[in-house]
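Working notes for the structure below.
Side-chain atoms are counted along with the backbone in the values below, which use heavy atoms only and exclude waters and symmetry mates.
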Amino acid sequence: MAEINHFEYGWITPALSYALSVLGSILGLVCAGRIRTARTTGQRAWWGLLSAWALGGTAIWAMHFMAMLGFAVDGTRIRYDVPLTVASTAIAVVAVGIGLAIVGTGRLNLVRLIAGGVFTGAGVASMHYTGMTAMRLNGSLGYDTTRVVLSVVIAVVASTVALWLAMTVRRGLAIFASALVMGVAVNGMHFTGMSALSVHRHERAGEVTGTEVSTLLVPIVLAVIFGVVGLLYALLAAPTDDDRAAAAYLDGRRVPEPAAATPAPDPVGLRARSTLGQPGTPFPSRRDTPPR
């Protein structure tokens, strides 16, 4: 059995992974709050998509990959299968999106919350172990069943709490505190699943195929940066509840424009015959009167 090191670079990778999970949780909770105040189905779908990307793409998947940067196995190089890595990203985003759709449609109740938490938690666990399957190294992977089950339970509980927070938390300080708790839950699930892993190294060293982590790091970091910037822009550009209340107040205070004055009746047509009231008309004189 090969020796495994989960923190090859010390505290840097777990600290960055926790920071990513907290950042994604904050953005996801804020976007989820906009789902409740959206007025149309299209707006709810848009904010649901942004929240799913923030939670699934940043808080969960990007955190997972950042933590995997510190993973090393003695005596073998580690590479990654790109299609499976991309598939793990899609699994995380879709699972969170469906969970938000379950709890966000209709009135929130216990049945919806549990159903959304179970589905999302199963998706998060699937993302984690799909990402592990994407690893290519000179050995075979094994898992401790008890710890795998424990990681799935943590994922379901964490997802249920996250969905409940997404539908109930609104204030800034509460959102920040909730994001800190979600970051602990997501990282706890990840490292619990990683503790279940064992690697049995092959006797003969074969060629390890796949993409090196340094090659994947640049596009992933850029995707996270552009994703976060896009989410911040969408949040700053969208009107808040205070903006809508202020607009409604100003509309209520606006003085209606007076209607155009109705001209007095002219039964014999004197106004039409007279030229004195028209601007630019010269004053009539006797010289202008034609001789009879």
Side-chain angles (χ1 to χ4, degrees), residues 1-24 53-96 123-144 147-148 151 155 183 186-230:
M1 186 178 297
E3 183 180 353
I4 296 176
N5 186 0
H6 295 285
F7 308 102
E8 185 180 17
Y9 302 107
W11 59 270
I12 296 177
T13 50
L16 290 176
S17 65
Y18 180 73
L20 278 175
S21 61
V22 171
L23 175 62
W53 174 255
L55 291 173
T58 303
I60 297 173
W61 184 85
M63 170 269 146
H64 166 85
F65 191 86
M66 184 59 65
M68 290 303 297
L69 291 178
F71 178 77
V73 179
D74 185 38
T76 179
R77 301 173 64 183
I78 299 177
R79 295 191 176 187
Y80 291 87
D81 181 87
V82 175
L84 281 177
T85 302
V86 174
S88 66
T89 310
I91 291 173
V93 175
V94 171
V96 174
V124 171
S126 300
M127 178 280 305
H128 174 81
Y129 291 105
T130 301
M132 298 299 296
T133 305
M135 286 195 310
R136 298 290 181 262
L137 47 80
N138 186 32
S140 57
L141 305 182
Y143 293 95
D144 180 75
R147 295 188 182 186
V148 169
S151 69
V186 172
N187 281 264
M189 178 270 162
H190 172 83
F191 288 107
T192 300
M194 293 301 296
S195 68
L197 177 68
S198 60
V199 178
H200 300 271
R201 196 169 55 198
H202 296 158
E203 295 182 359
R204 295 183 178 180
E207 182 182 359
V208 180
T209 60
T211 304
E212 293 184 358
V213 65
S214 58
T215 305
L216 290 175
L217 184 60
V218 174
I220 289 174
V221 170
L222 290 177
V224 170
I225 291 175
F226 284 116
V228 170
V229 171

Mind checking the [atom1]-[atom2] spacing from [X] to [Y]? Nearest 0.5 Å is all I need.
X      : Y      : atom1 : atom2 : value
Ser151 : His190 : OG    : NE2   : 11.0 Å
Arg79  : Thr85  : CZ    : OG1   : 13.5 Å
Ser17  : His64  : OG    : NE2   : 11.0 Å
Trp61  : Ser88  : CH2   : OG    : 6.0 Å
Leu141 : Ser198 : CG    : OG    : 8.0 Å

For Thr58, what residues pass the side-chain hydrogen bond (donor to acceptor under 3.5 Å, both in side chains) criterion, not counting sequence neighbours? none
Residue list, side-chain hydrogen bond (donor to acceptor under 3.5 Å, both in side chains) with Arg136, at least two apart or on another chain: none
Atom CZ of Phe7 with >12 non-hydrogen neighbours under 6.0 angstrom: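 Atom CZ in Phe7 is packed in, count exceeds 12.
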Let me see the working for Asn5 and Asp74 under side chain to side chain contact (heavy atoms under 4.5 Å, CB included), right down to the final yes or no. CA-CA 8 Å; Asn5 186 0; Asp74 185 38; over 6 Å; no
For the residue pair Leu16 and Leu20, establish whether any side-chain heavy-atom pair is separated by less than 4.5 Å. no
Would you call Pro219 and Val221 a side-chain contact if the rule is heavy atoms closer than 4.5 Å?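 Pro219 vs Val221: side chains apart.
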Worked verdict on Met63 versus Tyr18 for side chain to side chain contact (heavy atoms under 4.5 Å, CB included): CA-CA 7 Å; Met63 170 269 146; Tyr18 180 73; over 6 Å; no
Considering all heavy atoms, the nearest [X]-[Y] contact:
X      : Y      : answer
Asn138 : Thr76  : N-OG1, 2.9 Å
Asp81  : Leu84  : OD2-N, 3.0 Å
Met135 : Leu197 : CE-CD2, 4.4 Å
Met189 : Ala125 : CE-CA, 3.8 Å
Gly10  : Thr13  : O-OG1, 3.9 Å
Ala2   : Arg201 : CB-CB, 4.2 Å

Residue pair Asn187 / Ser21, side-chain donor-acceptor N/O under 3.5 Å: yes
Trace of the side chain to side chain contact (heavy atoms under 4.5 Å, CB included) decision for Ile60 with Met127: CA-CA 9 Å; Ile60 297 173; Met127 178 280 305; 3.2 Å; yes
Aromatic plane relationship, Phe71 with His6 - under 30° parallel, 30 to 60° tilted, over 60° perpendicular: tilted
Classify the ring geometry between Phe65 and Tyr80 as parallel (under 30°), tilted (30 to 60°) or perpendicular (over 60°). tilted
